[in-house]
Amino acid sequence: MRSDIVKKGIERAPHRSLFKAMGYTDEELARPLIGVANSKNEIIPGHIHLDSVSEAVKAGIRMAGGTPIEFAVIGVCDGIAMGHTGMKYSLASRELVADSCETMGRAHSFDGMVFIPNCDKIVPGMLMAAARINVPSIVISGGPMLSIKKRGIQLDLNSVFEAVGAFKAGKTSEEEVLEKEEYACPGCGSCSGMFTANSMNCLTEVLGMGLPGNGTIPAVYAERIRLAKKAGMQIMELVKLDIKPSDILGEDTFRNALAVDMALGCSTNSVLHLPAIAHEAGIEINLDIVNEISAKVPNLCRLAPAGPHHVQDLYDAGGVQAVMKELTKKGLLRTDLMTVTGKTVGENIATAAVLDNTVIRNIDNPYSPTGGIAVLRGNIAQDGAVVKKSGVAPEMMVHKGPARVYDSEDDAIDAIYKNRINKGDVIVIRYEGPKGGPGMREMLGPTSAIAGMGLDRDVALLTDGRFSGATRGASIGHVSPEAMEGGMIAAIKEGDMISIDIPAGKLDVEVEENELKERMRVWKAPEPRITGGYLGRYARLVSSAGTGAVMS
């Protein structure tokens, strides 16, 4: 066993004495030692209940003959961090999650590991760690939050953000905003739409690193606890067979994940996280591959914010496995790939079926013949930009309008709330990329304000930062190279005409090339906003959004 290095032989008597100081018996130490990375905390609603998930996992490990050893992992709540300095730490926390799990796993030589995440950066961070450590591993998330109906409307976190915009525009009352506040998030779980957390939990299934149901079984269902017990038992089978992440995470696995991403209409953040996880597995996933897959995979689901359904509806309709089964009808998935079940993708989905074609459309009747995410390129996005086109109104798929330029999210949202934005405008928010932010803030505030004011069919947003998975509308993020690195987004001036053609994959500022070059010749990078602490170090080491914003 891998753990023999910390527990076997006379030389390890001091090590065993430390285990015994914690109450471990010789019988427990004789079994495989399984690290349980638990990100339970009291600041994220998706994580508040993870102690019960962890207890179920540990019960499963013990039932199958192993010894669980739990340790804690940090997590940032994107919703609570949204709209202020805290959001600068969100994406950056992904690397801390990965680094801390790697440190614990390798320092203590676990025979296998179970990762318990649930929300935005914790899921990809743990998957990155699993790829790095490369011992038998399985992921079991905490499950999605329920959406409940109030006054005939299914509510979610985005309902509250958009209600604030509607209030600022005089379209709703303070009482109506406060009512949504009370009921939009009814209990534990990852926020109920196809936002980033649920996107990544669903894609964990497709990557073969989570059991079927990982992405969609609601947090409050007993089935979630049963799945956690099964995950605990299954890690022991993976240890026995020595099935490691490197046996699962191949290039075709990531192509499968991108295909399901397109079918589900996942968060644009998946285009940051999948390349980062692939990078840890020694595989390159670039934006050209994203567009290649998007061009041939139809969009089958329109979950919030793109449509009326929530993840509980996807669960009722057959879940991720049913979406995968639908894609196989046209040969859009590799089905011979290994998963943590010990079986192939094809074996896992053999009995899967779509139970509701209003939630998961038939592959011959998709919402769109192409995927839910598109990569745009042009003179202001030479290395690409990303848009969740499944959430864009038809009339905004092609748009041209004057640039309204802001050098921070704070300035942009101030202008929006003061009614300085007009129909047809293209709001440009720059110096919010991985280096410029630093930390590449999500911008649910500006997009929700625009939607709440009823301008999401008239106004586009463009940024080198990123957008929340809860964002809808013509919100184009991840513009690369970012402004802080001298990307052409830094050359845009107030009133320049911005041309957006999402079907053609085009994004340009209508300014002569020589003029853009002259603007950049005299351009100087602003002073970094933060130079000390973790964010200062992150800004110095992080790569472009186009390559997953990984740290070198």
Side-chain angles (χ1 to χ4, degrees), residues 83-95 271-272 275-276 287 376-386 402-415 426-443 445-446 461-467 475-498 507-552:
H84 56 90
T85 300
M87 181 46 70
K88 295 177 183 290
Y89 285 87
S90 171
L91 180 60
S93 73
R94 184 187 72 182
E95 316 309 309
V271 181
L272 275 176
L287 295 183
L376 313 182
R377 294 185 188 273
N379 60 4
I380 51 175
Q382 294 169 327
D383 292 342
V386 182
R404 304 298 305 281
V405 182
Y406 303 95
D407 287 346
S408 74
E409 176 191 6
D410 310 272
D411 291 344
I413 200 164
D414 182 63
V426 178
I427 300 170
V428 177
I429 307 174
R430 61 193 179 190
Y431 299 107
E432 289 286 6
K435 289 182 180 295
M440 201 180 184
R441 285 194 284 185
E442 281 188 349
M443 299 185 193
L461 292 95
L462 174 67
T463 184
D464 55 5
R466 61 196 177 94
F467 293 114
S475 303
I476 302 165
H478 307 195
V479 171
S480 300
E482 64 174 286
M484 196 68 173
E485 290 191 306
M488 280 296 176
I489 190 173
I492 300 173
K493 291 185 176 181
E494 186 84 5
D496 286 346
M497 294 302 292
I498 306 290
L507 177 64
D508 293 285
V509 57
E510 294 187 348
V511 175
E512 291 291 333
E513 183 180 352
N514 289 340
E515 169 65 15
L516 287 175
K517 287 182 178 179
E518 177 58 23
R519 291 180 187 181
M520 291 310 298
R521 187 185 69 79
V522 299
W523 170 83
K524 290 183 179 179
E527 288 296 313
R529 292 178 173 134
I530 297 174
T531 56
Y534 175 59
L535 276 184
R537 186 163 68 252
Y538 179 84
R540 292 190 293 273
L541 298 175
V542 70
S543 74
S544 163
T547 56
V550 296
M551 286 177 69
S552 58

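Both backbone and side-chain heavy atoms feed into the values below; hydrogens, waters and symmetry mates do not.
When all heavy atoms are compared, the tightest approach of Gly384 to Arg377 is N-NH1, 3.5 Å. In terms of heavy atoms, Ala545 sits closest to Pro434 at N-CG, 4.0 Å. When all heavy atoms of Leu91 and Gly439 are compared, the closest pair comes out as CB-O, 3.5 Å. When all heavy atoms of Val428 and Ala403 are compared, the pair lying nearest together is CG2-CB, 4.1 Å. Of all heavy-atom pairs spanning Glu95 and Ala549, the tightest one is OE2-O, 3.9 Å. Trp523 approaches Ala490 most closely through the heavy-atom pair NE1-CB, 3.7 Å.
The main-chain N or O of Gly433 is never found under 3.5 Å from a side-chain atom of Arg466 such that the two would form a donor-acceptor pair. Checking side-chain atoms of Lys435 against main-chain N and O of Met484 turns up no donor-acceptor pair under 3.5 Å. The main-chain N or O of Val509 is found under 3.5 Å from a side-chain atom of Asn379 such that the two form a donor-acceptor pair. With Ser475 contributing its side chain and Leu461 its backbone, the two residues share no donor-acceptor pair below 3.5 Å. Side chain of Ser552 to backbone of Leu541: a donor-acceptor contact under 3.5 angstrom is found. Side chain of Glu482 to main chain of Gly436: a donor-acceptor pair is present (N/O by atom type, distance under 3.5 Å, no hydrogens or angles). In terms of modelled atom types and a separation under 3.5 Å, the side chain of Arg441 and the main chain of Ser90 share no donor-acceptor contact. For the pair Asp464 (side chain) and Tyr431 (backbone), a donor-acceptor distance under 3.5 Å is present. No donor-acceptor pair closer than 3.5 Å links the side chain of Lys88 to the backbone N or O of Leu535. Checked by atom type and distance alone, the side chain of Arg430 pairs as donor or acceptor with a backbone atom of Ile489 at under 3.5 Å.
Distance CD/Glu432 to CD/Glu442: 12.0 Å, rounded to 0.5 Å. One finds the CZ atom of Phe467 at 6.0 Å from the CD1 atom of Ile429 (value rounded to the nearest 0.5 Å). From Glu515, atom CD reaches atom CE of Met520 across 12.0 Å, with rounding to the nearest 0.5 Å. Between Arg529 atom CZ and Thr85 atom OG1 the span is 10.0 Å, to the nearest 0.5 Å.
Taking the side-chain contact (heavy atoms from CB on, under 4.5 Å) definition, one finds that Glu527 meets it with nothing, sequence neighbours left out. Residues passing the side-chain contact (heavy atoms from CB on, under 4.5 Å) test with Ala385 are Ala381, Ile476, Val479, Leu507, sequence neighbours excluded. Applying the side-chain contact (heavy atoms from CB on, under 4.5 Å) criterion to Lys493, with sequence neighbours excluded, gives Asp496, Arg519.
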* Show your working on side-chain contact (heavy atoms from CB on, under 4.5 Å) between Leu462 and Ile380 and close with a plain yes or no. => CA-CA 10 Å; Leu462 174 67; Ile380 51 175; 3.7 Å; yes
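Between Arg404 and Glu494 there is a salt bridge, since at least one side-chain N of the basic residue sits less than 4.0 Å from a carboxylate O of the acidic one.
At a threshold of 4.5 Å between non-hydrogen side-chain atoms, the residues Ile427 and Tyr406 count as touching. Side-chain contact between Met551 and Ser543 is absent, with no heavy-atom pair separated by less than 4.5 Å. Annotation: side chain of Leu287 is not in contact with side chain of Asp383 (no heavy-atom distance under 4.5 Å). The closest side-chain heavy-atom distance from Met488 to Pro481 is not below 4.5 Å. Residues Tyr538 and Ile530 are not in side-chain contact: their nearest non-hydrogen atoms beyond the backbone lie 4.5 Å or more apart.
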